[in-house]
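First the structure, in the form of structure tokens, and then the observations on it.
To find a chain, count down the sequence lines: A is the first, B the second, and so on, and within it residues start at 1.
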Number of protein chains: 2
Amino acid sequence: MPPRRSSQDKAPSQVDVARLAGVSAQTVSRVMSNQGSVRPETARRVLAAVDELGYRIHAAAASLASGRTRLLGVIIVSNDRYSIGAHGVGIEQAAAAHGYTVTTAAVAEHASSDAFIEAFDRLERQGAEGIILGIPIDLDTPAMRVRTERTPTVRSERSELDPHSPFAVDQALIGRLAVEHLLELGHRTVWHVTGDDYWMETDERRTAWQQVLTEHGITPPPVIPGNWTPESGYRAGRTIAAIPDATAVFVSSDEMAFGVLRALHEAGKRVPEDVSVVSVDGIPLSAYASPALTTVRQPFEDVGRAAALRLIAMLEGSSVGELPHIEPTLVVRASTAPPAK
Amino acid sequence: MPPRRSSQDKAPSQVDVARLAGVSAQTVSRVMSNQGSVRPETARRVLAAVDELGYRIHAAAASLASGRTRLLGVIIVSNDRYSIGAHGVGIEQAAAAHGYTVTTAAVAEHASSDAFIEAFDRLERQGAEGIILGIPIDLDTPAMRVRTERTPTVRSERSELDPHSPFAVDQALIGRLAVEHLLELGHRTVWHVTGDDYWMETDERRTAWQQVLTEHGITPPPVIPGNWTPESGYRAGRTIAAIPDATAVFVSSDEMAFGVLRALHEAGKRVPEDVSVVSVDGIPLSAYASPALTTVRQPFEDVGRAAALRLIAMLEGSSVGELPHIEPTLVVRASTAPPAK
DNA sequence: TTGTAAGCGTTATCAA
DNA sequence: TTGATAACGCTTACAA
């Protein structure tokens, strides 16, 4: 049983352990970090002392001396969208598996670029060795270039070939999967409800949608704007319901699709008989919409995991094993069907 | 314009700034921390040097010297439930407002108590001055008592009077609001779909449900078990659909309620005409269920904020201003109505 | 295999 | 108002 220290007492240090074990402080350090050779018997004595005193390494002292913090910073958007949690869990797990810890800074969705920079600086000051961006920031500005040059940075959103996000979900593929599914079902054209323009995903999916339609000789109809929220989906749904020959919609998120479904239902349009709906994300609730949503699933947790692994690899200057394969997948459920003729 | 340092170069230290400004390192320290008096003119010179060199304080060195880290640890459950993100955002905001940073450890939902302890220790080792528990852990074990004694700890879940969670959402009130709403509508009894038994909320809501029924002279029917997932709600919904005289259900989460709705619909039961449904949480999508869910909203973000503020107050040994008022509120929508007679 | 000595970049203490 | 000096608890480098 460890001796009861009141919380006033100072925590034991390596020196205390060394004294108790009858060795030098350096040997304690060696034992704690498993490097440098220590005779098993000596190690045992040290460990016993560690146990008895309840000694734990002092992270600040260790990182001051070694110059390493093993700390990863994450910048996320401060909202309650579904993906955030899963994404963070993936990061956390991968980090913990490699002995890293994670610290987070949240930034409001449409905050000024100063707010990002402030968050970035806060993480750097805290000692983050690398930073994961879960929010779109233009990295190609003088202020950000200075920072990404000194602190390795990866992004876990968007897709175009970008040295900072070589693994993110292929957003163009998402658009393609969704639109081609609808076209294969026999729809003449596909309408599109976009996400918030602030996010690059929005543009990439919109572009893919246009492109697939064009490839099929179809002139893309006007875009219907949304902002990820179910409310914006509802408004978009009312617009769609008012278009007589709209039989298929590609909605840029599941949450918006819930709103679309509601609006369509209220307008007396049946899904999928009158209108087919495909959305994006594959959140758990998407299977419980009415009707169950056909959606393109994004593996958020794997994206987080991959971002963290990638960043750690950059920091260690080596590989950390296979990165998870990040691929969107079409999940066909009840909200899509061939058009009524 | 700051001189371009390649990332190889060492970051500038107080000594570098001091040299450039023609003062002692100590004066730089004073300027950086705004304490101790410094002549305005001197401060200006120091700040100019700081700017020119791009100097930023080295957190590890500062905390080694001062003994303070201003770091808050958070233990959360590693799943993708809705509340996690909002909760974290609340914590982060409150922490940032008081100059604290946040580090997170995720633990699997039904992990062993060793896993908690491991997470707790990891946060302590990192220098967390206090810890917020977003996951149920029995604090009344020898191993946890040692830890909570040396590291201030608050919980942001459950409700009974507990020195560690004086501000969490009143779960009994949640149960009461839900059940009384149904009873006032004229229902003869109320069935209950529980959450996962691992969480104390589950028991507290179940107890409140029993109690309210009993107060009204009603013998509570058997409980229908769930585990927070929409799938478990779906199974519970099938059970309910098979009970001829069930006209009202209190479901312990919105996500489960989506499953219940689906099962009821498939069984040909109309909501709310045949069965009324009240759930808990008030997630954004709850307004877009079919029909829109009547639910008891929990202010997750405020809970996180309150937990962080409370913890900071403990650490500073003083008040940090008014804590947010944490109160569940009944949001009446379309899933509840008087029973058909 | 083990120990000694010298820093790491800051803050605390005391003196000027 | 400012400066010199000694910690803070660890790791790195080198010596024994």
Side-chain angles (χ1 to χ4, degrees), chain A residues 5 9-47 49-50 53-71 99 101 124-129 150, chain B residues 5 8-47 49-50 53-71 99 101 124-129:
Chain A
R5 287 182 297 101
D9 288 349
K10 269 191 25 183
S13 75
Q14 268 184 3
V15 175
D16 300 316
V17 175
R19 189 161 28 228
L20 182 60
V23 297
S24 75
Q26 180 48 225
T27 296
V28 176
S29 173
R30 278 193 267 261
V31 171
M32 294 307 289
S33 57
N34 297 309
Q35 59 180 345
S37 30
V38 176
R39 210 168 356 137
E41 160 54 19
T42 311
R44 207 170 315 123
R45 274 215 321 282
V46 169
L47 258 8
V50 164
L53 296 176
Y55 167 76
R56 281 152 339 148
I57 216 160
H58 188 298
S63 61
L64 177 57
S66 69
R68 298 238 20 207
T69 58
R70 301 186 80 82
L71 214 210
T101 54
E124 278 188 319
R125 202 181 321 126
Q126 229 189 117
E129 297 183 356
R150 68 180 170 221
Chain B
R5 285 184 296 101
Q8 318 305 356
D9 287 349
K10 269 188 27 182
S13 75
Q14 269 184 3
V15 175
D16 300 315
V17 175
R19 188 160 28 224
L20 182 61
V23 297
S24 74
Q26 181 49 225
T27 296
V28 177
S29 173
R30 278 192 267 262
V31 171
M32 294 308 289
S33 57
N34 294 309
Q35 59 180 344
S37 28
V38 177
R39 207 163 3 130
E41 160 55 18
T42 310
R44 207 170 317 122
R45 273 214 324 279
V46 170
L47 260 6
V50 163
L53 296 177
Y55 167 76
R56 283 155 334 151
I57 215 161
H58 188 298
S63 62
L64 176 58
S66 70
R68 298 241 16 209
T69 58
R70 301 187 79 84
L71 214 211
T101 54
E124 278 188 319
R125 202 180 323 126
Q126 229 190 116
E129 297 183 357

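- Taking atom CZ of residue Arg19(B) and atom C1' of nucleotide dG9(C), one finds them 13 Å apart after rounding to whole Å.
- Comparing dG3(C), dC10(D), dT5(D) by their closest approach to the side chain of Gln26(B) singles out dT5(D).
- Nearest-nucleotide positions on DNA chain C for Thr42(A) and Val28(B) put Thr42(A) closer to the 5' end.
- We find the OG-CD distance between Ser24(B) and Gln26(B) to be 6.0 Å, quoted to the nearest 0.5 Å.
- For Gln14(A), taking side-chain heavy atoms from C-beta onward, the closest of the listed nucleotides dT10(C), dT2(D), dT11(D) is dT11(D).
- Between Ser13(B) and His58(B), the closest side-chain pair of non-hydrogen atoms is not below 4.5 Å.
- Put simply, the side chain of Gln126(B) never gets that close to the backbone of Ala59(A): no donor and acceptor are under 3.5 Å apart.
- The side chain of Ala65(A) lies closest to dC8(C), out of dG3(D), dC8(C), dT10(C).
- The residue among Met32(A) and Ala25(B) whose nearest nucleotide of DNA chain D lies closer to the 5′ end is Ala25(B).
- Each end of the helix from dT1(C)-dA16(D) to dA16(C)-dT1(D) gets its own axis, taken as the rotation carrying the C1' atoms of four end pairs onto the next four within a five-pair window, and the two axes meet at 30° to the nearest 10 degrees.
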Tell me, with the steps shown, if Val46(A) and Arg30(A) meet side chain to side chain contact (heavy atoms under 4.5 Å, CB included). CA-CA 10 Å; Val46(A) 169; Arg30(A) 278 193 267 261; over 6 Å; no
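- Considering only side-chain atoms of His58(B), the nucleotide from dT10(C), dG3(C), dG7(C) that sits closest is dT10(C).
- Using a 4.0 Å heavy-atom criterion, one finds that Val23(B) contacts the sugar-phosphate atoms exclusively.
- Atom-to-atom, CZ of Arg39(A) to C1' of dT2(C) comes out at 9 Å; the value is rounded to the nearest Å.
- Side chain of Ser63(A) to backbone of Ala60(B): no donor-acceptor contact under 3.5 angstrom is found.
- Between the Glu129(A) side chain and the Arg70(A) main chain, a donor and an acceptor come within less than 3.5 Å of each other.
- As rounded to whole Å, 15 Å separates atom P of dT1(D) from atom CZ of Arg44(B).
- Residue Arg30(B) has its side chain nearest to dG3(D) when only dG3(D), dT12(D), dG3(C) are considered.
- Counting only distance, with no hydrogens or angles, the side chain of Arg56(B) and the backbone of Arg125(A) share no donor-acceptor pair below 3.5 Å.
- Tested against Val23(A), the residues Val38(A), Val28(A), Val17(A) include a single side-chain contact (heavy atoms from CB on, under 4.5 Å) partner, Val28(A).
- A straight line from CG of Leu64(A) to C1' of dG7(C) spans 9 Å, rounded to a whole angstrom.
- Whole-Å rounding puts the Asn34(A) CG to dC10(D) P distance at 16 Å.
- Counting any heavy atom pair closer than 4.0 Å across all strands shown, Ser37(A) reaches a base atom.
- Proximity note for Ser29(A) (side chain, C-beta onward) versus dT11(D), dG9(D), dT11(C): the nearest is dT11(D).
- As a whole-Å value, the separation of Arg68(A) CZ from dT12(D) P is 10 Å.
- Between dG3(D), dT12(D), dT10(C), one nucleotide has an atom nearer to the side chain of Gln35(A) than all others, and that is dT12(D).
- In this structure, Ser24(B) does not reach the dT2(D) phosphate: none of its side-chain N or O atoms is under 4.0 Å from OP1 or OP2.
- Note: CG (Asp16(A)) to P (dC10(D)) measures 9 Å, nearest angstrom.
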